[in-house]
Protein chains: 2
Amino acid sequence: MIENTDSAVLSRLRDFLATAQLPDGGRLPPERDLAEALDVGRGALRKALATLQAEGVVWRHVGKGTFTGERPIDTVADINAMVQRTNPLEVMGARIAFEPEVARCAALNATPSQITELRSAMMKAQQAPTWRLYEQWDNRLHRLIGESSQNSLLLGLLDTLNAVRRAVTWGRLRDTPVRPPPDHHSFEEHARIVEAIANRDGAGAADAMRRHLRSVEGHMRDMR
Amino acid sequence: MIENTDSAVLSRLRDFLATAQLPDGGRLPPERDLAEALDVGRGALRKALATLQAEGVVWRHVGKGTFTGERPIDTVADINAMVQRTNPLEVMGARIAFEPEVARCAALNATPSQITELRSAMMKAQQAPTWRLYEQWDNRLHRLIGESSQNSLLLGLLDTLNAVRRAVTWGRLRDTPVRPPPDHHSFEEHARIVEAIANRDGAGAADAMRRHLRSVEGHMRDMR
DNA sequence: TAACCGAACCAATCCTGAATTGGTTCGGAT
DNA sequence: ATCCGAACCAATTCAGGATTGGTTCGGTTA
């Protein structure tokens, strides 16, 4: 050991990083190994690493290791935060803005088997013996449309939207044994959406979805 | 074994479910155990379970088990999960589907002071001395449009989308000291969007935003 | 005295192999 | 023909140990 002043260790560490040429986000050797490789005590190395971390050159996490670049952004979008800020009216507005475009993508990208599934879910909803089962298949239908867009990010956003919707409309589940009337407004609207998707009619699907959601919105207000 | 017709097995299974009284989302015994408990072959049991699954009473997954109720959809908006499933192309597709509709809402709902802010952010982006600062003001502009929609849920979804976008396109930050050229394609596109919003022209705003994003998409491909 | 080093320990994380579980196939018995 | 048991497959879970950054403590050196 020649000189292990703080600055000497730091510069030797920078040297190592420059030489190592590791990819951005790459992982450094464990502190113990690195200390031995640089012929430095672990404490001194940690002090130097702390400096680099303060500079934003590296970031560390227990059990994971030390990595170059900046710490990746924190993970979960807080659905609870959205739920507290929003209200049923906003949820409906967001659905009317968002879901028609998802339907448009679905019309352009759905696979034949997905179209079959869409028709099946639609039928199941029509024949549902209770409101609860109807809503179950209605949900399934709307998510199938998201899956049919073949865009996992759109699907993720749709799931987020639905999670918020469920949280906001909590406790308003219709659990009556009464079944939806055979002329329930949604049935024909669903059919229009699914047929537009089957016909690869993007604009038609978006339009049909928009009409459907506006109709749902109208009935929501009537129930107040 | 008395009678193990399909319907008999099915009714015995329903009986078990009713008796077991497991909580919604609860887990059924493994097929092998359950088959033995009901004194039924596994194949027959599976046929009955398939029926229940078609009815939406239970759902199954290899390695996990069989559960009551609906298949849970990722309730947590785990951005990391989205990031891992998606790719830059999908991100662009989602933006093109989503952001024009946000712009439409913004045109209908933006307050005068928000319109002032929009113009300000647009100017700042035009005069940005570096690409990094340009992107910063570009981000600010797009989020301001989200705020102008006056729909906190739409804004939350937009933030989620942006978080994914940043994570996916990470490491491709342009940090050159060069500034965007004065005739950068985005400048006029931004202006069209902002003016459409200022004029309360929802369709125009959506259209301008769509053109803008398609243009960005095109330049992304050129850079490859 | 003060700084530094090595060693041990802690908690979070990763890793690996075994066990579990739904999905499938095949031969034999009824 | 049909059903059953057994074996196998692939996805998932689970448990234990190994790894890793964070911390503490006593001994050594300057």
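In what follows, chains carry the letters A, B, and so on, assigned in the order in which the sequence lines appear, proteins first and then strands, with residues in each chain numbered from 1.
- Two rings, from H190(A) and H185(A), have their centers 6.0 Å or more apart.
- Put simply, CZ on R46(A) is 15 Å from C1' on dG6(C), counting in whole angstrom units.
- Residue whose closest nucleotide on DNA chain D sits further toward the 5' end, between V62(B) and R42(B): R42(B).
- In this structure, R119(A) pairs ionically with E195(A), as a charged nitrogen and a carboxylate oxygen lie closer than 4.0 Å.
- A salt bridge between E31(B) and R60(B) is present, with a side-chain N of the basic residue lying under 4.0 Å from a carboxylate O of the acidic one.
- Among dC3(D), dT20(C), dG23(C), the nucleotide with an atom closest to any side-chain atom of E31(B) is dG23(C).
- One interatomic measurement links the two molecules: NZ of K64(A) to P of dG21(D), which rounds to 12 Å at whole-angstrom precision.
- A salt bridge does not link E99(A) with R210(A): none of the charged nitrogens is closer than 4.0 Å to a carboxylate oxygen.
- Between the base of dG5(D) and the side chain of R32(B) there is no donor-acceptor pair shorter than 3.5 Å.
- The phosphate of dG22(C) (OP1 or OP2) has a side-chain N or O of T66(B) nearer than 4.0 angstrom.
- As a whole-Å value, the separation of L52(A) CG from dG21(D) P is 14 Å.
- A salt bridge links E101(B) with R104(B): the distance from a Lys NZ or Arg NE/NH1/NH2 to an Asp or Glu carboxylate oxygen falls below 4.0 Å.
- At the heavy-atom level, G65(B) lies under 4.0 Å from the strands shown only through sugar-phosphate atoms.
- Nearest nucleotide to the side chain of R60(A), out of dG21(D), dA12(C), dG23(C): dG21(D).
- For the pair H61(A) NE2 and dC14(C) P, the interatomic distance rounds to 8 Å; values are reported in whole Å.
- Computed from coordinates, the D33(A) CG to dT20(D) P distance equals 6 Å when rounded to whole Å.
- When rounded to the nearest whole Å, the span between CG of L34(A) and P of dG22(D) equals 13 Å.
- Straight-line distance from the CZ atom of F67(A) to the C1' atom of dT20(D): 10 Å, rounded to whole Å.
- The CH2-P distance, from W59(B) to dG22(C), rounds to 11 Å in whole Å.
- You'll find that the side chain of A44(B) is closest to dC4(D), out of dT20(D), dC4(D), dG22(D).
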